[in-house]
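Worksheet for the structure shown next.
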2 protein chains.
Amino acid sequence: MATPLSSETSHTVRRTLEFVQHHRLAKGDRLPSERELSERFGVARSSVREALAVLDAMRITERRPKSGIYLRNAVEDGGLDALVLQADLGLTFDPQVTRDVTEARIICEEQALRLACQRRTDADLTRLHQSLQTYAATIQAGGDLAEADVDFHLALVAASQNRILVRTLTPLMLMSRRWRERYFESDAIRRRSLADHRAFVAAIEARDEVTAAAQVRRHVETAAADVRALAEQGGLAATNTT
Amino acid sequence: MATPLSSETSHTVRRTLEFVQHHRLAKGDRLPSERELSERFGVARSSVREALAVLDAMRITERRPKSGIYLRNAVEDGGLDALVLQADLGLTFDPQVTRDVTEARIICEEQALRLACQRRTDADLTRLHQSLQTYAATIQAGGDLAEADVDFHLALVAASQNRILVRTLTPLMLMSRRWRERYFESDAIRRRSLADHRAFVAAIEARDEVTAAAQVRRHVETAAADVRALAEQGGLAATNTT
DNA sequence: CTACCAATCTGGTCGGACCAGATCAAGCAA
DNA sequence: TTGCTTGATCTGGTCCGACCAGATTGGTAG
């Protein structure tokens, strides 16, 4: 439930990204050949190719047949999934990123909640209550709340009937999940979080756009501030690669 | 500049996604083994593995060592990059998706523009004017405006100083780019689009949040409506896979 | 019927091989 | 000397076969 990618592939993806950063390669620059990378990393070429296929799909690199591998975007750019991948690999822990993710989450979730108030169906309410149930149960059992949290927020956005918004939020939630694993250790926070979530559902049920929007904004901002405080206490290892 | 993925890998990714859809596999279901897929698709196992590495990174599948390949998400879910990939492969052309993408774009771009009005630097203005210049030049030369359009909108969002928003918008822009290739064939539209863009930059320069937000909303909505009209004229081949 | 063990299947990784186009430098011609 | 042709080299794309070790499963012995 936690493993992101198979060991060797992720290892090679990581090494490759590190190589790019270490050598300060810019957009359009060429990377070493597959054969050289495989030798340098001590893995077979087939493993390198798997990693490159991933980087290609992420739009980070571009493989030109018979020519070479080129950097399509700087490592800092690229798609959202690429960012999740980097987070999974422990390559991104920039405080700037956490700020930006929080901001983006608020933008998307606030508007999604407004839409949800307008369009939510009974099925959405059912799913939300179910997720809430799981959330409460997880608190009781002392389980991994981060996962339940992701599920709830995605259910929230799903009520907007906009699948693209769900897809947009998914990577943002996955990223912030990592930061919040420590965060959810506090019992007070766990309970407050549950209360917040219940309020969201109530607002959606009542189709109260204004309240829902204000609540989610405050919720995400508060959570982000708490995480930041934790980080400053030295709670999070910063692998600042920029 | 147009090629999304290498031929064979994308071919196999496509076949795999089609297999999943055709067999109506649900979350948690198991796919055939790599060896069987390679035989079924008529490609080497190494090619299948590259495709699976991509699907894995996209969080569509999950490969459990010594066990099998399982569907992590329904094909309709997954990350944003996965959607771009599907669009690249011609697997997604659902009118519902275009509506959702438009909605998501408006949400993100409108707020991004507001932030841009607050935070834009002189460097941002320079880049915007540069992009505008390229845009005008492309119109003159009769070139591919879709690409210049993506560049401009990303530059717009970049002025918000929020990299995550840029990453969020990137897949949305890449997707809509495909729909708009036909759209930009009309000369009237090309010119109107340029005028709109100039207005955005002016609003950002003047730090006029309200105007900028309203403009971008109208711009995206209008463009989406035009594309829809084109599609209904039979202008776009619908490969509705749902 | 249960419990245990071995054949089988699976993904993970490796190494080598061939192809055809891109690249580039050496050598030839002007 | 300069410019162009040409061939060796390099590169990614694809395929094949092999080995490993853990998961799975079926059959057999108790």
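Proteins come first, then strands; the chains are lettered A, B, ... in the order of their sequence lines, and each starts at number 1.
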Closest to the B/S47 side chain: D/dT14, C/dC14, C/dG12? D/dT14
Atom NE2 of B/H11 and atom P of D/dC15 are separated, to the nearest Å, by 10 Å
Not counting sequence neighbours, which residues clear side-chain hydrogen bond (donor to acceptor under 3.5 Å, both in side chains) with B/D100? List them please. B/Q96
Let me know the distance between CZ of A/R49 and P of C/dT13, rounded to the nearest Å. 16 Å
For DNA chain C, which residues of residues 33-41 of chain B approach it to below 4.0 angstrom with any heavy atom? B/S33, B/E34, B/R35
Go through the steps for A/L55 and A/L52 under the test side-chain contact (heavy atoms from CB on, under 4.5 Å), then give the verdict. CA-CA 5 Å; A/L55 292 174; A/L52 289 177; 4.3 Å; yes
From the set C/dT13, D/dC15, D/dG13, return the single nucleotide nearest to any side-chain atom of B/V43. D/dC15
Take the C1' atoms of the five end pairs on each side of the helix from C/dC1-D/dG30 to C/dA30-D/dT1, derive the two axes, and give their angle rounded to 10 degrees. 10°
Would you kindly give the CG-to-P distance between B/L55 and C/dG11, to the nearest whole Å? 14 Å
Nearest-nucleotide comparison on DNA chain C, the residue closer to the 5′ end among B/I69 and A/Y70: B/I69
In chain order, what residues pass the ring pair (Phe, Tyr, Trp, His ring centres under 6.0 Å) check against A/Y135, with sequence neighbours excluded? A/H197
Grab the two heavy atoms, one from A/R40 and one from A/R15, that are nearest each other, plus how far apart they are. O-NH2, 3.9 Å
Proximal nucleotide (of C/dA22, C/dT13, C/dT10) relative to the A/K66 side chain: C/dA22
Taking only residues two or more places apart in sequence, or in another chain, which ones meet B/F19 in a ring pair (Phe, Tyr, Trp, His ring centres under 6.0 Å)? B/H23
Just jot down the side-chain contact (heavy atoms from CB on, under 4.5 Å) partners of B/S33, sequence neighbours excluded, or say none. B/R35, B/E36
Hey, is the side chain of B/R45 pairing donor to acceptor with the base of C/dT13 inside 3.5 Å? yes
Salt bridge (charged side-chain N to carboxylate O under 4.0 Å, His left out) against B/D81, all qualifying residues, sequence neighbours excluded: none
Select base, sugar-phosphate, or nothing to describe what B/L52 touches, counting heavy atoms under 4.0 Å on all strands. nothing
Looking at residues at least two apart in the chain, or sitting in another chain, which of them share a side-chain hydrogen bond (donor to acceptor under 3.5 Å, both in side chains) with B/E18? B/R14
Name the closest nucleotide to the A/R63 side chain, picking from C/dG15, D/dG13, D/dT11. D/dG13
For A/D226, check side-chain hydrogen bond (donor to acceptor under 3.5 Å, both in side chains) against everything at least two apart and list the hits. A/R192
